[in-house]
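Have a look at the structure below, then the notes.
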Amino acid sequence: MKSSNVLYWFLMKITIVGTGYVGLVTGTCFAEMGHDIVCLDIDESKIAMLKEGRIPIYEPGLEEMVRRNSEANRLSFSTNYEDAVEDAEAIFLCLPTPSDETGAANTDYVLSSARELAHFLDGYVVIVNKSTVPVGTANAVREAIIQENCDADFDVVSNPEFLKEGCAVQDCMKPDRVVIGCDCQKALKAMRRLYSPYMMNQERLQVMDIASAELTKYAANAMLATRISFMNEMANICEKVGADINAVRKGIGSDQRIGNSFLYAGVGYGGSCFPKDIRALQATAKNLHIDTPLLEAVESVNKRQKERLFSKIKSHFGRLDGKTFAIWGLSFKPDTDDMREAPSIVLIDALLEAGATIKVYDPVAMEVAREILSGVLFCENELDTAKDADAVILVTEWKQFRFVDLKKVLKVMRGTAFFDGRNQYVPEEMAGLGFYYEGIGKWIGPNALINALKAGSKVPAPVAS
Ligand SMILES: NC(=O)c1ccc[n+]([C@@H]2O[C@H](COP(=O)([O-])OP(=O)(O)OC[C@H]3O[C@@H](n4cnc5c(N)ncnc54)[C@H](O)[C@@H]3O)[C@@H](O)[C@H]2O)c1
């Protein structure tokens, strides 16, 4: 018999298994809506930290929300499966699905936690898979539970997560859609109840079969990655023909069929999702003997783009040994400390390999970076990083980098070069200040060219106009 101390008809007792980016944000946002949440993790130090009111990741707005809901006794943390699963009406699996050696998604974390929790199921419960998993995983979860506990009364639902790190709380509180893959009415009723606080002013639930829900998440990430690789390919053409990728972006983004989002050229996509999800989708297709030339191209364009800044720097300086480079931004994108598959890592490795000295700074990812990077100098701020550098390289477009006093930066540098991997600055203004400036997908322009030549820089010229 389930017991619940919740007051309203829609409020539920929920267990979140895996308290990482997705689990912690999902659990906290459900608590904010009034549900009764236990977040479970096998990482004891993470749970100890959360119990003390500190959060293990950087996510704007999250810490305050965790504190508020913990104090209201709607959000608690545990490392004990039995305690956490007891009385749960829904159990969310928010576990890692990293690439295995073939590129396929490793579902071991999901399946082993399903086996573990199976022992403690008592009464009807909906098992909700939020991890990004290949089609067929819901069935595998079902089988794993039955193998451990043939009396368990449960259904498995797919509910892929679409939040973006950096605005995860907002995405979770106001989702543009909630995809539910479900094959039974009882579980669907529970999911409608659970999400009802989010649907007060607009229905956002999209109900579909389980396979479609599982595939929807991969298709979404593949589409977004495709847009990025497409723009990076266009940027490389822009550089050669004397065009400006930002003008091209505006020109195509205003077409409603295309839209403005996710059309920025840069240093390639990284992070914990796109790279592994593209590889996993390719692996699924390969197992089914389906060719995926488009996905292969998306990935190979991205790999090349991650090396783009290095080739620009190399062709500007020639030899890199004895040179010092200041890296601004390390996380794979702003507003997160996540450095998984970050383009900064590829660049830093290449520069170190070439014998350069590397100074780095990131507004929030320094702690994470210290665990990942070796052989670099960790600096206090932008100016400290730029001191005695031959070039500054902007890799992650943290907002604060737009407001740095660039005159001061130039003064403390040894050289004058500025490589802007995210097109945050205006080439003419940078050249006017005395920088040799290169962005992505922009020819430097006639005024900037004159200024840069006056400053004695070597400037690449367009091959056609
Ligand atoms: N991070 C994102 O932006 C994002 C967005 C959408 C979907 N996803 C998907 O969500 C899933 C989780 O991603 P994440 O970024 O939150 O991962 P994460 O690595 O940040 O968190 C996973 C957590 O699971 C815990 N864990 C591992 N094994 C466990 C077990 N047996 N029992 C209990 N806890 C266990 C880990 O200690 C960790 O805290 C992945 O499939 C990912 O692809 C991630």
Side-chain angles (χ1 to χ4, degrees), residues 15-29 38-50 55-60 62 77-85 91-100 104-120 127-134 137-138 141 144 148 158-172 175-179 213-214 216-222 224-225 269-281 331-333 335-342 368:
T15 303
I16 307 283
V17 184
T19 309
Y21 279 90
V22 169
L24 183 58
V25 173
T26 304
T28 308
C29 290
V38 182
C39 286
L40 169 73
D41 206 286
I42 49 168
D43 183 335
E44 294 189 355
S45 60
K46 193 177 266 189
I47 293 300
M49 197 174 179
L50 285 159
I55 66 167
I57 54 171
Y58 176 85
E59 190 58 52
L62 186 59
F77 301 97
S78 174
T79 52
N80 184 302
Y81 265 84
E82 185 170 6
D83 293 350
V85 164
I91 300 176
F92 278 72
L93 307 181
C94 304
L95 295 145
T97 47
S99 299
D100 69 13
N106 174 354
T107 54
D108 288 355
Y109 296 89
V110 173
L111 297 180
S112 73
S113 85
R115 278 191 287 272
E116 178 76 21
L117 66 85
H119 299 285
F120 310 111
I127 309 290
V128 188
N129 187 26
K130 247 198 187 310
S131 295
T132 303
V133 289
T137 305
V141 166
E148 299 297 319
S158 167
N159 174 211
E161 181 53 59
F162 299 97
L163 63 77
K164 302 180 284 297
E165 286 178 20
C167 52
V169 170
Q170 199 185 328
D171 287 347
C172 212
D176 44 18
R177 81 287 211 195
V178 174
V179 169
E214 288 173 332
T216 293
K217 174 65 191 178
Y218 284 109
N221 278 358
L224 294 169
Y269 60 77
S272 65
C273 292
F274 287 4
K276 83 167 172 67
D277 291 349
I278 305 302
R279 288 193 293 266
L281 190 51
S331 55
F332 85 93
K333 66 173 185 178
D335 293 320
T336 179
D337 58 356
D338 197 340
M339 282 194 60
R340 290 177 279 189
E341 303 211 29
V368 177

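When a ligand or atom number is given, it counts from 1 through the structure's own listing order.
Scanning both residues, Phe162 and Ala220, for their nearest heavy atoms gives CE2-CB, 4.0 Å.
The salt bridge (Lys or Arg N to Asp or Glu O under 4.0 Å) test with Lys164 singles out one residue from Asp338, Asp335, Asp176, Asp171, and that residue is Asp171. With Thr26 as reference, Val22 is the one residue of Thr28, Leu24, Val22 to meet the side chain to side chain contact (heavy atoms under 4.5 Å, CB included) rule.
At least one donor-acceptor pair closer than 3.5 Å links the side chain of Lys217 to the backbone N or O of Glu161. Between the side chain of Asp41 and the backbone N or O of Ile47, no donor-acceptor pair lies under 3.5 Å.
Listed by chain and number, Val17, Gly18, Thr19, Gly20, Tyr21, Val22, Asp41, Ile42, Asp43, Lys46, Tyr81, Cys94, Leu95, Pro96, Thr97, Tyr109, Ser113, Ser131, Thr132, Glu161, Leu163, Glu165, Lys217, Ser272, Cys273, Lys276, Arg340 each place a non-hydrogen atom less than 4.0 angstrom from ligand 1.
Residues Leu50 and Ile55 have side chains in contact (heavy-atom distance under 4.5 Å, counting atoms from C-beta outward).
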